[in-house]
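Worksheet: the structure to be examined is printed underneath.
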Amino acid sequence: MKTSWRSASLVACAAAVLTLTTACGQEGGTSSVGSQNVGATAAAGGYGGVGSGIGTGTSPSPTASSTAIGQGNLGAQSASAGKLQVSANPELGDVLTDATGRSLYRFDEDTAEPPKSNCNGDCATAWPPVPADDASAGAGIDKALLGEVTRADGTKQLTIAGWPAYRYAKDAKAGDLTGQGVGGKWYALAPNGKKASVASLPGLSTRNDPKLGEIVVDKNGMTVYRFAKDKAWPKPVSNCTGACLAKWPAVAPVSVNDTKGVQKKGLMSFTRSDGVAQQTVNCSPIYTFAADKQPGDTNGQGVGGTWYAVRPNGDMVGVSDK
């Protein structure tokens, strides 16, 4: 009876993968480790009041330090953009800046068609909207992409290809890009309004980390993680919900053909209990970490004794390696 049940489960999972011929495999060594609160060390990575979830304006008030930073820069941050410039960055390629060299960002919870800003309240303190007045296109920027959107408070905000533009209060000087990847929702603007990127990475690929070895990264180059309390067998189940999901955003579904270096066995998506579709590697749900600010960060490794970077075959770094 046990063998029959396992065979039936394999068939069901194989059907879900469609073009893949091998279903979700059961693995050992993935039992829950410890009971510490998920994401307990997020604040140490600068998560504070400017991470995921602040875009709704309902997050807790910023810490004293983040509030001070925001107030200290608001004078410059809320100034007119002036003539926009293109700045070359070795990791992100061409990045859009204002006339003073301050980096400009876009927010994944906004929309470009039609243009709409969903960053208000505390969010707008951490991410000051760029005023539309006096903004103009400098060399390498198509002036036709510049526009404006009326915010909830009635002010006019600059848009680039429809995307509302922001500065980041923690960027202390020209050229800073400390807002890149914050909360898994904030990214530097490229001159064409897209997310700045040296090259168009596949939906999932790998990179060699100097400490962790070969690990999986998402389309933005951000480290991908697994949660030891999730399940892959007989079907994927995510046990990261609510506040956990705000700190560990689920990776959206990726086409099998939009991957490089990642094992295709068990490479599939599933529907979470909250109705959201999530990607898996070897049938294990995968996430990014809100406290990882830029490509190359691995601040989520080992958090709470339950979160680990992912090998190309789906194993958890530091757990399945033993």
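None of these values were measured; they are calculated from a predicted model.
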Determine whether Y187 and K194 make a side-chain contact, defined as any pair of heavy atoms from C-beta on separated by less than 4.5 Å.
no
Worked check of salt bridge (Lys or Arg N to Asp or Glu O under 4.0 Å) between D98 and K83
CA-CA 6 Å; D98 65 12; K83 182 175 287 188; over 6 Å; no
Taking the six-membered ring for Trp, are Y166 and F107 parallel (under 30°), tilted (30 to 60°) or perpendicular (over 60°)?
perpendicular
Looking at side-chain heavy atoms only, is the closest gap between I160 and L96 below 4.5 Å?
yes
How would you list, by chain and number, every residue that makes a side chain to side chain donor-acceptor pair (under 3.5 Å) with K173, sequence neighbours excluded?
D176
Show your working on side chain to side chain contact (heavy atoms under 4.5 Å, CB included) between S269 and Q278 and close with a plain yes or no.
CA-CA 5 Å; S269 63; Q278 182 173 1; over 6 Å; no
In terms of relative ring orientation, are Y105 and W127 parallel, tilted or perpendicular, with 30° and 60° separating the classes?
perpendicular
Any side-chain donor near an acceptor of the partner, E148 and T159, under 3.5 Å
no
Tell me whether R272 is salt-bridged to D274, with the criterion being a basic N under 4.0 Å from an acidic carboxylate O.
yes
Report the relative orientation of the aromatic rings in W307 and W248; use parallel for angles under 30°, tilted for 30 to 60°, perpendicular for over 60°.
parallel
Looking only at the side chains, is there a donor atom on one of R151 and S117 sitting less than 3.5 Å from an acceptor on the other?
yes
Checking S284 against N282: is there a side-chain donor and acceptor pair closer than 3.5 Å?
no
Under 3.5 Å, is there a donor-acceptor pair between the T150 and K156 side chains?
yes
Under the criterion side-chain contact (heavy atoms from CB on, under 4.5 Å), which of T259, T280, V281 is the partner of V254?
T259
Pairwise side-chain contact, Y225 with P285, heavy-atom cut-off 4.5 Å (strictly under):
no
Taking the side chain as every heavy atom from C-beta outward, state whether I215 and V317 have any atom pair closer than 4.5 Å.
yes
Do N192 and D142 come within less than 4.5 Å of each other through their side chains, counting heavy atoms only?
no
Is the shortest side-chain N to carboxylate O distance from D110 to K116 below 4.0 Å?
no
Hey, are the side chains of Y287 and D230 touching, using non-hydrogen atoms and a 4.5 Å cut-off?
yes
Heavy-atom side-chain contact between K231 and P236 under 4.5 Å
no
With a 4.5 Å cut-off on side-chain heavy atoms, are V262 and K260 touching?
no
Could you please spell out the steps behind the side chain to side chain contact (heavy atoms under 4.5 Å, CB included) verdict for Q157 and V149?
CA-CA 5 Å; Q157 181 177 0; V149 63; 3.9 Å; yes
What do the steps show when you test V310 against D315 for side chain to side chain contact (heavy atoms under 4.5 Å, CB included), and what is the final call?
CA-CA 6 Å; V310 181; D315 287 350; over 6 Å; no
Taking E109 first and then K185, would you say they form a salt bridge - that is, a charged N and a carboxylate O separated by under 4.0 Å?
yes
